[in-house]
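Heads up, the thing below is written out as structure tokens.
Atom set for the values below is all heavy atoms of this structure, side chains included, hydrogens, waters and symmetry mates excluded. Counting convention: from 1, in listed order, for ligands and their atoms alike.
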Amino acid sequence: MDESWVNSAERIGADLHLELSGPGGRRAALIRALREAVRSGRLAPGTRLPPYRSLAADLNVARNTVADAYAELVAEGWLTARQGSGTRVAERAEPLRHAARVPWKAPPRARGPRHDLRQGTPDASSFPRTAWLASYRRALQQAPNEVFGPGDPAGRVELREALTEYLARARGVRTEPGRIVICSGFAHALRLLFGQDRGGGGGVLRGPLAVEAYGLGFHRELLDTAGVRTVPLPLDERGAQVERLGRERAVLLTPAHQFPTGGPLDPARRAAVVDWARARGGVIVEDDYDGEFRYDRKPVGAVQGLDPERVIFVGSVSKSLSPALRLGWMVLPERYVDGVLAAKGEREAWVSVLDQLSLADFVSGGSYDRHVRRMRQRYRSRRDRLAAALAVHAPHVEVTGVAAGLHAVLRLPPGTERSTVKAAAWQGVALDGLAGFRHPDTAMAARDGLVVGYATPSEHAYEAALEALCGVLPPGE
Ligand SMILES: Cc1ncc(COP(=O)(O)O)c(C=O)c1O
């Protein structure tokens, strides 16, 4: 804490709110009010009271009135007065015990797992605090005054320009700032595209929507709430079987890295799904949730690059920086821009404009690239350590989906997934089983497996997490 602040607070004494009312004049009223403040605990033992002069000015009473009231309360034992240290609440002045005045205590927080290997979050300890702060400071210093007024729902143009350049270079996205709408992440994008509730308010797309047979349950629930029926597309080793698309109006895909099974969408299928959209007047929603993190294979560009008028490309910083920032972007075909802006509202109500400007600086100044490169190396090393540990301790467990992203899928013998997840929980290891990601209506045969997020533990906790994981895997034949 800033020393000078503490000292000056000490010197001037606490600011004090007192109501002077009741019979017997100002002096008696002040004594009653001060006594009550001490008795109730509002003034804690040891609190320094304001000097006569300032309290008298605050209350509009004579200085002597305050001096007399203090003296009376010193005599009664509520206050103490010492040369040079002013008048304070006596240490032994016991506050009245009253249930309503017991200081508020935070409810006990549920203790998290000892080892968190659930997919979902990047390594929080690697958030680039210094670089982000530098971007934030620059953004704040350079921001024109209008930034502090209501924000444009499209998002700040500085950010849309920075993203246009970055997404073209890093993800093969073809766009221009006028077709980008800033949002608070993929979940927000889904709400803007499909509306928020069954009433069908807002939104530019209607169901039924084809989705991958394995995907994030949270997104399915969100669509369900919006009244959108989802139709599962089976998956194989080449990704979603897009040749099965039928009457749906739209399809939601994770082409760079199928979530959660891993693996890119096969090039022939990428072309085929674009052909489907052109022939049927359909649209592809491309969820590029971790497209930056690729290790062993050639970069997989966005499907959006194949036909910007048929693909809605959505990305966010949730995997690359932090899901706490709630910052994302939608790259839209021209015909959807106005509808999405209308769904967003007249003013920016979701994403802090200062955060948008900070991200613009972070991206255009090269910090985003540097951070992604650093994290790519770190996650790659984690992925390698996971594979090495499994090769030694559980060679019978097949690891898939590891060429990219922040998670791997461990295939388990049929019928062992549930018991493994349960046994892991007993050992303090949090894991997701594949079953939780399976679309309830899919006819695809269920696979037993674990989705292991290797990004979440901090660097120093990772080795122990791997050891714990290997200890809970079912034994080989
Ligand atoms: C499949 C998938 N899509 C998108 C996201 C990003 O979601 P959001 O941007 O809403 O945080 C995630 C999680 O980070 C995800 O797992």
Side-chain angles (χ1 to χ4, degrees), residues 116-124 126-127 155 159 163 167 171 180-194 196 209-223 225-226 230 232-233 235 239-240 251-265 284-294 300 302-304 311-331 340 344 350-352 355-356 359 368 372 375 379 401 404-409 431-434 436-439 450-456:
D116 194 350
L117 289 172
R118 286 170 295 192
Q119 68 72 37
T121 29
D123 174 4
S126 296
F127 185 83
L159 178 56
L163 288 171
L167 294 173
R171 306 294 305 121
I180 296 182
V181 174
I182 301 303
C183 59
S184 77
F186 186 77
H188 185 208
L190 276 186
R191 291 188 172 102
L192 293 172
L193 291 173
F194 290 96
Q196 310 258 7
L209 170 71
V211 296
E212 294 158 325
Y214 279 81
L216 207 55
F218 168 62
H219 292 163
R220 284 197 299 268
E221 282 161 26
L222 198 148
L223 290 160
T225 307
T230 55
L233 276 181
L235 299 166
V251 56
L252 169 57
L253 296 171
T254 47
H257 186 223
Q258 202 287 320
F259 183 86
T261 63
L265 186 64
I284 301 157
V285 180
E286 179 169 21
D287 176 3
D288 195 55
Y289 66 104
D290 67 1
E292 287 99 344
F293 295 105
R294 50 171 208 280
V300 180
V303 172
Q304 192 270 2
V311 183
I312 296 172
F313 175 92
V314 187
S316 80
V317 300
S318 292
K319 297 279 189 189
S320 54
L321 280 169
S322 160
L325 283 174
R326 303 317 305 149
L327 261 169
W329 45 88
M330 309 170 72
V331 178
V340 167
K344 217 174 159 203
W350 302 88
V351 192
S352 149
D355 284 349
Q356 293 183 37
L359 183 62
Y368 193 76
V372 165
M375 295 316 292
Y379 293 143
L406 313 185
H407 68 270
V409 175
L431 287 168
D432 290 317
L434 261 182
F437 299 94
R438 188 166 183 266
H439 195 293
L450 300 175
V451 181
V452 175
Y454 46 80
T456 308

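- Side-chain contact check for Val317 versus Leu359: some heavy-atom pair is nearer than 4.5 Å.
- Contact residues for ligand 1 (protein heavy atom closer than 4.0 angstrom to any ligand atom): Gly185, Phe186, Ala187, Leu216, His219, Phe259, Asp287, Tyr289, Ser316, Ser318, Lys319, Arg326.
- With sequence neighbours left out, the salt bridge (charged side-chain N to carboxylate O under 4.0 Å, His left out) criterion links Asp288 to Arg171.
- Qualifying side chain to side chain contact (heavy atoms under 4.5 Å, CB included) partners for Ala189, counting only residues two or more places apart in sequence or in other chains: Cys183, Val314, Met330.
- Under the salt bridge (charged side-chain N to carboxylate O under 4.0 Å, His left out) criterion, Asp123 pairs with Arg382, not counting sequence neighbours.
- Contact check for Phe437 versus Val409: no side-chain heavy atoms found under the 4.5 Å cut-off.
- The aromatic rings of Phe259 and Tyr289 stand perpendicular to each other, their planes meeting at an angle above 60°, with 30° marking the opposite boundary.
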